[in-house]
Amino acid sequence: MSVWDALIGQQKAVAELRRAVAAGDTSAMTHAWLFTGPPGSGRSVAAQAFAAALECDEGGCGVCNTCRTALSGSHPDVTLCRTEQLSIGVDMARELARKAALTPIAGPWQVLVVEDADRLTERAADALLKSLEEPALRTVWVLCAPGADDLPVTIRSRTREVRLVTPPDDEVVALLTSEGVNPDLALAAARAAQGHVGRARALATDSAVRQARNAIIDLPTKWTSLGECLQSAAEVVNNAQAEAARQTSQLDAQEKAELDLMLGFGTKGARPRNAAAAVSQLEDQQKARAKRLQRDELDNVLTQLSTWYRDILALQTGAPADGLINLGVATRASERAQTTTAPRTLACLDAILDARRALDGNVAPLLAMEALFIQLGGFG
């Protein structure tokens, strides 16, 4: 099993990366890469596989110690930059630039993988620029972002782009069935995930995940009054807040304990003068992270709701029922398609897009969701 096997439906990208690994220092290889693609296409997976293949004597066998440590982030010459924050700041970028100048100690390359490179602040991007322009002889940069336009032109112009695509349903189904998932469940999960391999696996293997998604798809059937629209909006926002708190509570506590130790809290020594400012800065960062996670949860609700209305529109325009996204509710979608019109369904999809823009524009989540559900329920 090679490191490339984890990349589903990316034959063209894998072929290009294999050529680069085999080429070494020839023209097929470059020292700065940009992996782009839609959510779920496997940008980070591809970046880690590429890093492992560059270090591996066999080009990414997937079983040797080099591959295992590179994929896990413990290889001394492979740096995986991840962040839970809203942005990648200049301090982190400077540390990456410092590592990029080091000579490899165990393998042939010093590889730096920056996940979510679209979160680089302007100052952070400037801090990386020189290292990308004049990389050390045995250094390889791998940046990951949804699209090239998400990065400053100064950064993307110095990289070679590798575009990943949304994996086709049949390949996702084949992967899930090879892992022991029932074929019918695998197909339903692949359709619902719309090419997102990780989400498809979660839907296929975790009943709680399926139930949570089904609850979202069921929401439009509950909106028989204005009060029910408002109640649904409050429940959705509260659930998003609770999920964000669940994901961040342990990390928040760990970060607070580490900061307290660094500042000398709980000891008899004198505390630094900037202790209060450091604590305040950490609290602001944690609030920003929780806010981002809450928005991510709400964005997932909007995405799932849009699949319901897309299915209805597909039926209204003559598409066959076996091509729907939500196979489990095909009968219900068919019934709804007959009781409304295509223009009304398009208006619902437009309302979902407006809600997403409102959330991106920092409109209060409850207000945004209330306005949306009122429109979708036909009470606006």
### Message
Taking R163 first and then E161, would you say they form a salt bridge - that is, a charged N and a carboxylate O separated by under 4.0 Å?
### Response
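Yes, charged N to carboxylate O under 4.0 Å.
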
Note to self: Looking at R357 and D360, is any side-chain nitrogen of the basic one under 4.0 Å from a carboxylate oxygen of the acidic one?
What the structure shows: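 So D360 does not pair with R357 through a salt bridge.
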
Kindly list each side-chain donor-acceptor pair under 3.5 angstrom involving residues 122-137, sequence neighbours excluded, with atom names and distances?
residue: S131; atom: OG; partner: W141; partner atom: NE1; Å: 3.1
residue: E133; atom: OE2; partner: R158; partner atom: NE; Å: 3.0
residue: E133; atom: OE2; partner: R158; partner atom: NH2; Å: 2.7

If we only count heavy atoms from C-beta on, is the C81 to V113 side-chain gap below 4.5 Å?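 Heavy-atom side-chain distance check fails, nothing below 4.5 Å.
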
Can you tell me if CZ on R332 sees more than 12 non-hydrogen neighbours from other groups inside 6.0 Å?
->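 Above 12, so yes.
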
Query raised in the report: side chain to side chain contact (heavy atoms under 4.5 Å, CB included) between L112 and K99: does it pass, once the steps are laid out?
Result: CA-CA 8 Å; L112 299 102; K99 287 186 177 182; 3.9 Å; yes

request  = Verify side chain to side chain contact (heavy atoms under 4.5 Å, CB included) between I216 and L305, making sure each step is shown before the conclusion.
outcome  = CA-CA 7 Å; I216 296 172; L305 281 175; 4.0 Å; yes

*Would you please indicate if the ring centroids of H75 and W109 are separated by under 6.0 Å?*
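Centroid distance H75-W109: not below 6.0 Å, so no.
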
What donor-acceptor contacts under 3.5 angstrom involve side-chain atoms of residues 47-62, with partners at least two apart or in another chain?
residue: Q48; atom: OE1; partner: R82; partner atom: NH2; Å: 3.4
residue: Q48; atom: NE2; partner: L71; partner atom: O; Å: 2.7

Practice task
Return the set of residues passing ring pair (Phe, Tyr, Trp, His ring centres under 6.0 Å) with F373 (not counting sequence neighbours), or none when no residue passes.
Solution key: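 With neighbours one apart ignored, the set is W223.
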
Side-chain donor or acceptor of R138 paired with backbone N/O of P108 under 3.5 Å: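 Checked: pair present.
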
Practice task
Start with the C-alpha distance between N300 and Q304, add both sets of side-chain angles, then the distance that settles side-chain hydrogen bond (donor to acceptor under 3.5 Å, both in side chains), and finish with yes or no.
Solution key: CA-CA 6 Å; N300 178 59; Q304 304 313 325; 3.0 Å; yes

Q.
To check you understand the geometry: which heavy-atom pair defines the closest contact between A244 and A290, and what is its length?
A.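 Minimum heavy-atom contact is CB-O, 3.6 Å.
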
